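Have a look at the structure below, then the notes.
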Amino acid sequence: MNFIFEKESLENRGFNHPDKEYSNLFLHGESTESYQHITQQVTEKLAEVMNKLEHPYSGKKPSSLYQELNKLSVFSYEGESIESLLEDINDTLLMSNIHIAHQKSVAHLHCPSLVSALAAEMIINAFNPSMDSWDQSPAATYLEQEVIQWLLHGFGFDSEADGVFTSGGTQSNYTGLLIARDSFCKKTWGVNVQKHGLPPQFQRLRILCSEDAHFTVKKSASQLGLGEESVLSIRTDKNHRLCIADLNRKLEELDKEQLLPFALVATCGTTDFGSIDPLSDMAAIAKKHGLWLHVDAAFGGALILSHQHRSKLRGIEKADSITVDFHKLFYQPISCGAFLLKNKEGFRYLQHHADYLNPEEDEEKGIVNLVNKSIQTTRRFDALKLFFSLRMVGTKQYGEMIDHTLSLASSAACYIAGLENMKVINPDPELNTIVFRFEPSVPDTVDLNQVNRNIHKHLLYTGKAVLAKTTIKGEVCLKFTLLNPRTKLVDLKGILADIHEFGELEVKKWRFPV
């Protein structure tokens, strides 16, 4: 990158001119013409690029792509036209992106964005409201509240509940465990953690979750001062759901050791398998033992829109808090998520009043400052994206899209199971992820883990497909994450044919090394 700055004085750059209008910089008055021109040029360029992208990835390897990007200058001294800039980034930032909307882009929980949400992004970016205080986002504050109320109703919460938009699952899970920790400390020891810090007994605190729970449970524990060792993993069953029998055993052991479990995390859609823990059973156990039940539904929460699979969420309404992401099966641009809280009083553990931003007198006057519910201060108006999509796409079509991806996953798992040299790890997928492995009958001298790694790299670097890889019980596996409702079974059959063809070649290299 070119980081050399001109040494010319500020005066010579025109910044000392009080009458300078900057009419082409900010969206105001006469600058709308400039804005219309720029957005038209970007729209036309995106349409051109999308029409040229035949594959989900260009196939460029990290070293060559880095070298190309390293030649770009990050600034210009005099400024330049949008046409010139778009031309300069065409082959790198545009043509060499992952084409996430491509039917063969099936790697991660990374969704194509709805056009309705892209339209909302234009409004968000133009007005640039900050969602921390009412006087920075008056109308936006109330719309976010309305969208939150819709979500609360969808998850079965009542009028005592509340929520807030977040950057995604990591922040939402952290918020849930923070409130759970501080609530327990206040109730058990009368300690206000915000003011006095963790009590001496904090090392006895424990969080329980399945061994397939998201890594952010441990990450949150480490950041909350409890340490990763405070998280106790519960075994999962053959369907990769938390094992209730093992949970009960672990709770008995903790009681004997005089340790204090305070939170139970249920996963509604594990990253690898999309598995949903037994929510109702876990809710009953949480109630019996006085545990805070947090449901990480970052992935599976979208089933509130499903016409055929909504029943899989049964029991989620009994949670104390819920994580839900919209940049997964709600098809929103990154980032966009929410944290929902059954008892809104719990948000007091996040509050900190600043006279310039959210003074206490505002609450007395009924002025809503959303920073009181968030661990963020400055925050985007992401609720508008979801609002636009719910209105323009409609819940009927939303449900149809989600149901298609789940149906496709079931069909694909069945198809893979019938293929020679393939093993499906989850033959009955609960959501829309399939974990499988190229596994022909070969001598022990053939390293099938390396073969599967090479298959993954080959498909990526030839641009044929973008799929994921993971490791299950020491075995390297491949994974389809089927978020895109445009993907069909024929697309997956093409990927599987490429996997088999290249896999056979790899096995021959091991059998007959050159």
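What you see below is based on every heavy atom in this structure, not just the backbone, and it leaves out hydrogens, waters and symmetry mates. All of these numbers come straight from a predicted model, not from anything done at the bench.
Exactly one of Tyr398, Phe165, Tyr331 qualifies for a ring pair (Phe, Tyr, Trp, His ring centres under 6.0 Å) with Phe326. That residue is Phe165.
The salt bridge (Lys or Arg N to Asp or Glu O under 4.0 Å) pairs that include a residue from residues 289-312 number zero, where partners must be two or more places apart or lie in different chains. Judged as a ring pair (Phe, Tyr, Trp, His ring centres under 6.0 Å), the pairs with a partner in residues 216-261 (not counting sequence neighbours) are, in order, His240-Phe273. Evaluation of the side-chain hydrogen bond (donor to acceptor under 3.5 Å, both in side chains) test over residues 477-499, restricted to residues two or more places apart or in two chains, returns Asp272-Lys479. A side-chain hydrogen bond (donor to acceptor under 3.5 Å, both in side chains) check over residues 403-419, counting only residues at least two apart or in different chains, returns the pairs Ser306-Asp403, Thr405-Asn432.
Judged as a salt bridge (Lys or Arg N to Asp or Glu O under 4.0 Å), and not counting sequence neighbours, Glu504 has no contacts. In this view, Lys61 satisfies the side chain to side chain donor-acceptor pair (under 3.5 Å) rule with no residue, not counting sequence neighbours. Shown here are the side chain to side chain contact (heavy atoms under 4.5 Å, CB included) partners of Asp447, two or more places apart in sequence or in another chain: Asn449, Gln450, Trp510. Scanning for side chain to side chain contact (heavy atoms under 4.5 Å, CB included) contacts around Val442 gives Pro440, Val446, Leu448, Val507, Arg511, with sequence neighbours left out. The salt bridge (Lys or Arg N to Asp or Glu O under 4.0 Å) test applied to Lys104 returns no partner, not counting sequence neighbours. When the side chain to side chain contact (heavy atoms under 4.5 Å, CB included) test is applied to Asn239, the partners found at least two apart in sequence or on another chain are Asp237, Arg241. With sequence neighbours left out, the salt bridge (Lys or Arg N to Asp or Glu O under 4.0 Å) criterion links Glu229 to no other residue. Remark: Arg206 pairs with no residue by the salt bridge (Lys or Arg N to Asp or Glu O under 4.0 Å) rule, at least two apart or across chains.
Salt bridge Lys396/Glu400: present, at least one basic N to carboxylate O contact under 4.0 Å.
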